[in-house]
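Each remark here refers to the structure printed beneath this line.
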Amino acid sequence: MELINEVNKFNKTTPIFTNWITVRQAIEEMHNNSFPKWKEAEWAGFYLEYLYSSYIDKNHIQNIIEYLNNKSSLTRHLDFDLYFHNANFYGDLKSSSSSEKSTMLNDKSNILFELNSYGKLWYLIYEHDTVKDRDLDGHPFTKSRLEYIRLFEPNYKLGEDLSYYQRLKAKVKYCKMFIVEINKINYSSLLEEMTSNFHQPDGTTLRQPKLKFTKENIKNAIVYSYFPTN
């Protein structure tokens, strides 16, 4: 299948599994290549999106995989990263710590709409080992991230220098990847609602409930796996 072939080529040719990737390295590369989400605090997932969008553009495979960058679909706005044109269904990239037992997915309403309209949905899960900045003396990666962003936005998060250090990933190393297929047959047994009271980060506005799956329950839904040889 051409779609899995392209994912396999990405995994083998993109140096995502080679070394530890630091937050500073990732945001500098994204910024230097004009990726609009370069300064997001949850940088590992956006760096994965950046690598995919770069690979798609370089290899001119938009007819196979299109990176949506939050574009609206023809029918409604769906919060998925990828659209597989020839196969006619959507996919989403997820960067997940290898220590996490479950993976947060997309809005429940969008997942159900996509399944009803297209029949299946693929999640491309990239697992990584993780070092958190909260575990390092002086939180150097939080400081380095802010230092770089303020080269271009001097007033960025002034007075909040260490506000995100508890959650910031200092560096990650990707260790495996797999594709999970959600379809009309298996979704009810695989997907769980995270909450019906899901708030915005400021705590004021209710968001749509999101779904998740537990990793130990998805073995029969995996259609492709990749483990680096080095």
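Sequence positions, counted from 1, serve as the residue numbers for this chain.
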Sub-3.5 Å donor-acceptor pair from the side chain of His139 to the main-chain atoms of Asp133, do we have one?
-> yes
Within one Ile-Leu-Val-Met-Phe-Trp-Tyr cluster: Phe35 and Phe152, side-chain cutoff 4.5 Å = yes
Is the charged tip of Lys94 near the ring of Tyr123: under 6.0 Å from the six-membered ring centre and within 45° of its axis?
-> no
Has Arg167 got more than 12 heavy atoms of other residues, nucleotides or ligands less than 6.0 Å from its CZ?
-> no
Closest approach of Thr142 and Asp161, non-hydrogen atoms and distance?
-> CG2-O, 3.3 Å
Validation row, ring centre Tyr83 to ring centre His85 under 6.0 Å | yes
Is the shortest distance from a Lys or Arg side-chain nitrogen in Lys9 or Glu6 to a carboxylate oxygen in the other one below 4.0 Å?
-> yes
Please determine, by modelled atom types, if Glu127 and Tyr174 share a side-chain donor-acceptor pair under 3.5 angstrom.
-> no
Is it the case that more than 12 heavy atoms not belonging to Tyr187 sit under 6.0 Å from its OH atom?
-> no
Do Asn33 and Tyr50 have side-chain atoms, one donor and one acceptor, less than 3.5 Å apart?
-> yes
Note: Arg24-Glu147 ion pair, threshold 4.0 Å (strictly below) = yes
Answer with yes or no whether the side chains of Tyr52 and Asp57 bring together a donor and an acceptor at under 3.5 Å.
-> no
Test side chain to side chain contact (heavy atoms under 4.5 Å, CB included) on Asn106 and Leu211 and set out the steps.
-> CA-CA 6 Å; Asn106 302 76; Leu211 297 179; over 6 Å; no
More than 12 non-hydrogen atoms from neighbouring residues, nucleotides or ligands closer than 6.0 Å to CG on Asp135, yes or no?
-> yes
Does atom CD1 of Ile185 have more than 12 heavy-atom neighbours, drawn from other residues, nucleotides or ligands, at distances under 6.0 Å?
-> no
Report, as yes or no, whether the 6.0 Å neighbourhood of atom NZ on Lys157 holds more than 12 heavy atoms from other residues, nucleotides or ligands.
-> no
Just wondering, are more than 12 heavy atoms of other shown residues or ligands nearer than 6.0 Å to CD in Glu160?
-> yes
Is the closest side-chain heavy-atom distance between Tyr90 and Leu82 below 4.5 Å?
-> no
Can Glu193 and Lys108 be counted as an ion pair, charged N to O under 4.0 angstrom?
-> yes
Is the distance between the ring centroids of Phe46 and Trp38 under 6.0 Å?
-> no
Would you name the heavy atoms of Gly91 and Phe80 that are closest together and state the gap between them?
-> O-CB, 3.4 Å
Decide whether Lys215 and Ser96 meet the rule of one side-chain donor and one side-chain acceptor closer than 3.5 Å.
-> yes
Do Tyr156 and Arg145 have side-chain atoms, one donor and one acceptor, less than 3.5 Å apart?
-> yes
Is the closest side-chain donor-acceptor distance between Glu49 and Tyr67 under 3.5 Å?
-> yes
Is the closest basic N to carboxylate O distance between Lys171 and Asp129 below 4.0 Å?
-> no
Please walk me through it: do Phe17 and Tyr226 pass ring-ring contact (aromatic ring centres under 6.0 Å, His included)?
-> CA-CA 10 Å; Phe17 295 102; Tyr226 180 82; 5.2 Å; yes
